[in-house]
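All ligand and atom numbering here is 1-based and tracks the order in the structure. In this text, all values refer to a predicted model and were calculated from it rather than measured experimentally.
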Amino acid sequence: MKIVRSIDELRAQLRGQLRTAFVPTMGNLHEGHLSLMRLARQEGDPVVASIFVNRLQFGPSEDFDKYPRTFEDDAEKLEREGVYVLFAPDEREMYPVPQEFRVSPPATLGGVLEGEFRPGFFTGVTTVVLKLLSCVGPQAAIFGKKDYQQLMIVRQMAQQFALPTRIVAAETVRDGDGLALSSRNGYLSASERAEAPRLYRCLGAVRERLLAARGLADAGGGIGMDLIDELETAAMAQLRGHGWAPDYLSVRRQRDLLPPTADDANSEPLVVLAAARLGATRLIDNLEV
Ligand code: PAF
């Protein structure tokens, strides 16, 4: 595996490659990231990964400085996964001058859910993703469903800018107890780690009730607005009752992340998304319905 620090060298390494599959990361790699590398191997060749902790997507009071940086370990893991080039620029390489041109997602998609609680986050993400895609020039790029809204936004950005890159979605990888793998799980104390799978269980309970209601749609049952309200409220109350501070737990349409309407709640594919703080750690997760 070649470790490449500059954009010029990256382009030289990839010259003539037409089927590159790319996985952007911020490092501190776990099994979830490695599953993205494996999917990338099926989607193209060679596989290129990047590690860049992107300051633009962190708010002023967020964890940019303490974000775990584990480069040696990460590079070994990527080598074992058959990654051909690891692009690991420093900030001066990515942002040699202040990044004044930014990509801002529409408020309907980028200003809700995560966007409401992390202002500027998605602008930071789309700006760096567009720049990384421009550096790597991949035919496919892999994004995990764990960051569901990010995946949707990147997909729509690629469509609206006619980028020549297919955006491929990868399933979330979970620990045995259901907790979605995330670099931020490392911040949890032992007792918080034991509590953390509740988020997944709450999402699962909402999904089960929605599926059950949908199963009765033809028999006069079905998912109504009241049921959605009740499920969201009950799940948030359960989290609060166990010491969590939920930002949101919300049933949305997969297509555009808007709330379903009375007319389409039984026909549209749905997704339940949540973000909640446990102690000082903010966790996100989601389940498709
Ligand atoms: O999902 C992430 O790790 C980051 O948001 C990404 C896509 C690498 C952009 O910095």
Side-chain angles (χ1 to χ4, degrees), residues 7 10 20-37 39-40 43 47-59 62-71 73-75 77-78 81 83 85-91 93-95 99 102-105 109-110 113-115 117-136 138 140-158 161 163 165-173 180-187 273 275 281-286:
I7 297 171
L10 176 71
T20 302
F22 174 49
V23 186
T25 82
M26 299 204 300
N28 195 236
L29 304 180
H30 49 64
E31 261 309 303
H33 295 108
L34 302 185
S35 78
L36 305 184
M37 306 299 156
L39 184 55
E43 295 292 330
V47 172
V48 175
S50 66
I51 295 180
F52 179 66
V53 184
N54 173 39
R55 190 187 289 275
L56 292 190
Q57 71 191 70
F58 288 79
E62 290 185 354
D63 53 347
F64 176 78
D65 287 325
K66 79 167 192 165
Y67 199 83
R69 288 157 174 89
T70 51
F71 187 79
D73 230 48
D74 293 345
K77 288 179 180 160
L78 293 176
E81 291 302 329
V83 168
V85 169
L86 166 56
F87 178 47
D90 64 11
E91 283 200 282
E93 182 65 14
M94 275 309 268
Y95 301 128
Q99 185 68 34
R102 308 257 175 131
V103 182
S104 42
L109 197 55
L113 303 168
E114 282 305 279
F117 292 92
R118 303 183 68 190
F121 169 65
F122 286 119
T123 295
V125 168
T126 45
T127 300
V128 80
V129 168
L130 184 65
K131 194 155 182 174
L132 288 166
L133 293 176
S134 148
C135 297
V136 176
I142 322 295
F143 291 83
K145 286 191 187 176
K146 159 80 176 13
D147 296 296
Y148 204 85
Q149 195 175 2
Q150 167 174 283
L151 164 68
M152 301 289 296
I153 287 175
V154 167
R155 185 171 266 159
Q156 294 203 13
M157 173 180 77
F161 283 115
L163 301 182
T165 304
R166 260 182 319 117
I167 305 300
V168 178
E171 293 303 325
T172 300
V173 179
L181 298 192
S182 161
S183 299
R184 290 189 169 101
N185 293 351
Y187 298 151
L273 306 108
T281 308
R282 187 172 181 279
L283 300 177
I284 64 169
D285 200 354
N286 65 81

Ignoring hydrogens and geometry beyond distance, is a side-chain donor-acceptor pair present between Tyr67 and Asn54 at under 3.5 Å? no

Cation-pi, Phe64 ring and Arg69 (6.0 angstrom, 45 degrees): yes

Taking only residues two or more places apart in sequence or in another chain, which ones pass salt bridge (Lys or Arg N to Asp or Glu O under 4.0 Å) with Asp90? Arg92

May I have every N or O pair linking ligand 1 to the protein at under 3.5 Å, one per line with atom names and distance?
unit_1, atom_1, unit_2, atom_2, d
ligand 1, 1 (O), Gln150, NE2, 2.9
ligand 1, 5 (O), Gln57, NE2, 2.9
ligand 1, 5 (O), Gln150, OE1, 2.7
ligand 1, 10 (O), Gln57, OE1, 2.7

Under 4.5 Å between any side-chain heavy atoms of Thr25 and Met37, yes or no? yes

How long is the gap from NZ on Lys77 to CG on Asn28, to the nearest 0.5 Å? 7.0 Å

Do Lys66's NZ or CZ and the ring of Tyr187 fall within the cation-pi criteria of under 6.0 Å and 45°? yes

